[in-house]
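Encoded as structure tokens, the structure appears first; notes follow it.
Residue numbering restarts at 1 for every chain, and letters A, B, ... go by the order of the sequence lines. Quantities reported herein were computed from a predicted structural model and do not represent experimental measurements.
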Amino acid sequence: MGVALARLAQWTAASYGTGTLEITPLNEILLKEIIIFVEHFIYDHPQEAKFSFVEPLEWKTDLEPSAFESGYIVSETTVTSEEVDKNGQPLLFLSVPQIKVRSFRQLSQLVFIAKDTKLKEAQACVEANRDPVVKILGSDYSTMTEDSSAFNILHKITSSDDPESEMKMRIAILLKQLDLHLLSYILRHISLQICLNPEPVKKDIELLKSFSGKGEQTVLESIDYTSDYEFSNGCRAPPWRQIYGEMCYVLVKPHDVETLCITCSTEGVFLNGGKTDDEGEIDYERKGEVYKDLVTFLKEKSAKFSENMSKQDIRFNEEQQKNQIDEVPTYAIRKSVSGSDKNKLEKNQINFRKNQMTRRLEPSLNWRTTVDFKDRKTPAKDSQEEKHGGKLEKTRTSISPGRAQLLRKSVDKVEEMASESSSESEEDEEPPDHRQEANADLPSEYWQIQKLVKYLKGGNQTATVIALCSMRDFNLAQETCQLAIRDVGGLEVLINLLDTDEVKCKIGSLKILKEISHNPQIQRNIVDLGGLPIMVNILDSPYKSLKCLAAETIANVAKFKRARRVVRQHGGITKLVSLLDCAQNSIEPAQSSLYETRDVEVARCGALALWSCSKSYSNKEAIRKAGGFPLLARLLKTSHEDMLIPVVGTLQECASEENYRAAIKAERIIENLVKNLNSENEQLQEHCAMAIYQCAEDEETRDLVRLHGGLKPLASLLNNTDNKERLAAVTGAIWKCSISKENVTKFREYKAIETLVGLLTDQPEEVLVNVVGALGECCQDRENRVIVRKCGGIQPLVNLLVGINQALLVNVTKAVGACAVEPESMVIIDRLDGVRLLWSLLKNPHPDVKASAAWALCPCIQNAKDAGEMVRSFVGGLELVVNLLKSDNKEVLSSVCAAITNIAKDQENLAVITDHGVVPLLSKLANTNNDKLRRHLAEAISRCCMWGRNRVAFGEHKAVAPLVRYLKSSDTNVHRATAQALYQLSEDPDNCITMHENAAVKLLLDMVGSPDQELQEAAAGCISNIRRLALATEKARYN
Amino acid sequence: MDQGALRKLVNSISKTVKSFKKSEVECLIKLFHSFLEKTGNTGLDQSTFREILHDVFGMTDDMLMNRVFYAFDRNKDNYVNVEEWVRGLSVFLRGTFEEKLKFCFEVYYLNGDGYISREEIFDMLKNSIHQESHEEDADEGVRELVDLILTKMDYDNDGKVSFTDFERAVRQDQLLLEVFGPCLPEAKNCLHFEALAFRNCNF
């Protein structure tokens, strides 16, 4: 008991003499256990309970004498127990407020009497009797220490057989047992709590710090130490406080509570008195409960912290665990030391080292670069930091996920928009950096290259040139060599050489860079090291071979967005465009320099670089502004394939934009593109076809292709299907060209339709999209529809209706729709269940597919036998169509109106769609300005009038007045459809009144004079209905 | 020098040196004499010539300048006479690839045996590496560099570079023309010189 009380009870710190017990959970447990012991003593050990203490336990009690009942002699201010010791002294004597107790029996009684205040009494007793064992048993027993006690007790037992000392012994043993019990009990409690030490506390604080800051999403506003000085043991508390186990003090400002001054001690975390006003000293006194750690404490104190913390919990816990893992090895060692098991210790140490190794290995791959290349230029370091910064950013995003992500998204979008292009996306993912590991099995080239780089660094011009020439003897196309050059720091040196005045060094360096920059990683490294601006400057060099090499290297490096941007921002596009001009100045002074090449070569390299750069939108613009198109057009007239491929490639990239297509047309480029379709070079053919594909959206261009005889080579290229890229480009060109009727006729002459049908199977999707698109255009022509059917094209087309490629579906539905115009083909489509497939495409998420499918359904319904029955057989089909009227896509709405017009031709189906609410939905659409929609809407309304009281319903849903306004449109098709609809609606008198009110008569009168007979009739019919109503009214009034 | 003698000289030189016009040859002769005036010799001695190489053509390496002097001085009388002067400049300024190839080789194979030996290469390259640490290390570095260049250029593996070796290597990689040190003026210096020298030419 002594030990337990002395060592474990938490006495108020730093007080001597009569200290007071603090009210901590631990002390409470301690006292409760003591009370239980005392309470049970009388039953468990009745003999010992009678033993009278050597000295009474004495303390100030709050008990009133009146509380004592039988067995006590009670006066006003005193209580004396009836029970006395052998000397006649009472075993309990109370003289308010002092009480003296001399036996366990009396103590038990007292506890019983005290009832609710027993805890308080026990505390007072313990506080007043700091060494109860001595008082109970006498001073001999105070020497009892834990290790020698058993021996002492044994010794005392043997040394005397006095019954009293035997009794004392028994009590001593009992007390010893209580002590042990208390110790183990409390230990169990303590072990539940984490005993803190500086390291985890520090990590907790750092972690919290990283989650703190301004803004709603952070867990805290701020968290700071009160002292910047950290002692070597990791504590920040002053030494005289460290002896109390205090480690540091932190000022925490949560979002919703005032600043808290917190003590972190080994026992836990608690609120202290805060900073005193004078001198900023801290009031160290504990002001609240002790918590096991900071997070628990703050969760208790700040609701906001707790809320935000729960959002971050997963992350935070992960971090904490990581920290704890860091701790594990040291723990293990400590444990094994205390177990003094040498083997184990060694093992653990090995483990420890291993752990550290594996942990260090990962980051080291990244860090090594900075270690190895101290002389790296700063951009490299920047990129490293960027990477680390990236990580940091990640943590930030998780703090405020919503906003940051949104921000990033929008940034991405801007980037995307800034440089979107046909061929850009796929190659733009920056691959992760793979650095060769230092101690992995390095190829012998690595060491040889390292030696050469040493000469580059330390040699003069002569040595440098020799090293550069020797370096080129390695196979620079091989990735090992490429990466070796980079990994030994060669890239930096090579780029630095470009900045010197030594022409030979520049040439040698560029020759190497040109080769190794085929590697995507090297491309990124070159950009990171700031190589591009230097190369752009070299484009101005008087040495043509230098220009060429620089342009070629730029062509290789500018394979990704960031690089292309750098080229543009440093004025590279203008310089590259001026390289194209070189080929023109044929009468140049023949400079007899060694490092000259032909002007044509300079232009070719310029074109090559422009081709790479032209994949970004802004660069296309820059090329145009720099006057690149006339130059490209001029170069197109040459006959060198080497020159033509990059030139056509650049043109083809630029042709993705509308205004460049205009420029291309203006520069008479089409003619030369067509000419080069006849080239032998497959790549050139591909790029020419691709350029035509891009440009042929324009009608004039399509005609130009035909006039220059481009259709025949296109048709004949269809027969070679091995090169899929070229096939895709050629079929694309054919598709776009076949938008013009004259071209379709030509293609039929060249038997291209049959070949296209043959390409409907076993082709990649890129080809299929174009083939089907071309067939869709061709089948607008009756003769071609027949050809497609006869060649067995319907079946593969219908089969393609089950695909998922959006572009392909749009084209397939169009083609199937075109074929369905032919009743004979319709029979085949129907047999193949094509209409059902089309109908199910109305559920496709893409509006383009929906619209295209709805358009295709129109001829199907028109030409199918028993169309009404067929339509009804699609369960839920009509409801689906009617609901599509809720779409907000104009094309979908127009197509669905057209479909409804066709569906409504069948009375029964009209009844069904009326039930599905087609009238209000159509009426809702009436206020549109889109002429295409107006026309089909008017037609649908006109059809739907044919059922029940739909005419009246249209009037009720206010569809009539807007329809009248359609008559002011400039489109005759709209006029015709509207007049017909009005004619149908005018069968209802109320509608006539609405029309009249909206001045329809005058407009209709104009229509009567139209050359369009249907329009005439409908307008006249409508006027007659209105007139007849007016007459009837007059007549009624007159009568 | 009187007009008649000058014309005669111009004519005789123009017979062997085709890359200059007669008027240009005349200018070069005049220039030669203006250099001579200061010395009073009949030809340019080594130090005067080196001064010209340094001041006009921007050359810096003493050893190589000496070697260039010997290459100019075809008759080995330790003076560059007027004919040697014009002939040498024609290689400098207007030389074809072959002429320059030959000139460079002549500069490099100093001792006249028609080969560039390993020792000669070492001599020429010994200052090519900046000496930071011990001299032995630097020598070791140079030796390795010599090995490197020999494996590259010594096609017939006889431990020395013949003209055939040299020509083959340079044709494969033109950067190797001045492999053992700069011995031709840079293009911009040539242009500069021509502009100055032919300034007073009457075309």
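Ring pair B/Phe163/B/Phe105 is perpendicular by interplanar angle, where above 60° counts as perpendicular and below 30° as parallel.
Aromatic rings of B/Phe103 and B/Phe92 (six-membered ring for Trp) have centroids within the 6.0 Å cut-off, being under it.
Within residues 464-471 of chain A, the residues having any heavy atom closer than 4.5 Å to a heavy atom of chain B are A/Val465, A/Ile466, A/Cys469, A/Ser470, listed by residue number.
With 3.5 Å as the limit, one finds no donor-acceptor pair spanning the side chains of B/Asn78 and B/Gln46.
In this structure the side chain of A/Arg604 never reaches within 4.5 angstrom of the side chain of A/Leu635, judged on heavy atoms.
At a threshold of 4.0 Å, the pair B/Glu84-B/Lys76 does not count as salt-bridged, since none of the basic side-chain nitrogens sits closer than that to a carboxylate oxygen. Using a cut-off of 4.0 Å between Lys/Arg side-chain N and Asp/Glu carboxylate O, B/Glu106 and B/Arg74 are scored as not salt-bridged.
Ranked by heavy-atom pairs shorter than 4.5 Å toward chain A, the options B/Met124, B/Lys152, B/Lys188 are led by B/Lys152.
Rounded to the nearest 0.5 angstrom, A/Leu483 CG and A/Glu445 CD are separated by 12.0 Å.
At a 4.5 Å heavy-atom cutoff, the contact between B/Leu145 and chain A is made by backbone and side-chain atoms alike.
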